[in-house]
Amino acid sequence: MTQSPSDLAAAARAVRENAYVPYSHFKVGAALRAPSGAVYVGCNVENVAYPEGTCAEAGAIAAMVAAGETEITEAYVIADSAHPVAPCGGCRQKLMEFARADVRVTLATVDGAEEVVTVADLLPGAFGTKHMDRA
Ligand code: THU
């Protein structure tokens with residue numbers, strides 16, 4: 001399904017409601033757009049073994065790849081925080097795997113605050129394939 005930019009926000013806001021967060025009580029929603037125009041969503045899913053929990057961004061990326069797409073053209077992350085939510089370090093690397101450096105990532109609060117950054121802004125000096133080349 002093709003959606004407009006405001007629908008990316010709406011999709012992230014809606015999926016956030018499904019977050020499973022019995023430990024942190026901090027619900028996060030993420031929505032990604034792929035080149036087809038399709039929007040993929042994810043929410044955080046926690047676990048009693050805390051490190052086994054997964055972030056909203058990771059869930060959305062998994063949904064995108066499961067649907068057969070491997071490129072992010074736009075991303076939106078939303079949480080109920082005083083300041084637009086900062087993706088964790090691991091999710092910054094995960095986003096970079098599937099997005100060009102100039103892809104827009106909107107960080108938002110449920111109250112309507114938004115901060116637009118790029119994937120490169122989120123992870124300066126990112127590890128990439130170039131670091132595995134000797135030549
Ligand atoms: N969390 C996300 O899902 N995405 C972020 O960008 C930041 C943090 C989740 C992980 C955990 O379930 C909860 O928020 C508190 O860290």
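Whatever order the structure lists ligands and atoms in, that order sets their numbers, starting from 1. Source: prediction; values computed, not measured.
At most 12 non-hydrogen atoms from other residues, nucleotides or ligands lie less than 6.0 angstrom from CZ of R104.
Considering each of P87, G29, C88, A56, the one bringing a non-hydrogen atom nearest atom 3 (O) of ligand 1 is A56.
Residue, atom and distance of the protein heavy atom nearest to atom 9 (C) of ligand 1 are N44 ND2, 3.4 Å. When hydrogens are left out, the protein atom nearest atom 6 (O) of ligand 1 is E57 OE2, 2.5 Å; that is the closest non-hydrogen contact. If you check which protein heavy atom lies closest to atom 12 (O) of ligand 1, you get E46 OE2, 2.5 Å. When hydrogens are left out, the protein atom nearest atom 10 (C) of ligand 1 is C55 SG, 3.9 Å; that is the closest non-hydrogen contact. Distance from atom 7 (C) of ligand 1 to its nearest protein heavy atom, with residue and atom name: A86 O, 4.0 Å. Scanning all protein heavy atoms for the shortest distance to atom 16 (O) of ligand 1 gives F26 CD2, 4.9 Å.
Here the side chain of E57 pairs no donor or acceptor atom with the backbone of V77 at under 3.5 angstrom.
What you find for V39 and A11 is that their closest heavy atoms are CG1-CB, 4.0 Å. The minimum heavy-atom distance linking A34 with E69 is given by the pair CB-OE1, 3.2 Å.
In summary, the atoms of ligand 1 found under 4.0 Å from a heavy atom of S24, numbered by their order in the structure, are 13 (C), 15 (C).
A heavy-atom distance below 4.5 Å is not found between the side chains of V28 and C55.
Between the side chains of T106 and E115, no donor-acceptor pair of N or O atoms lies under 3.5 Å.
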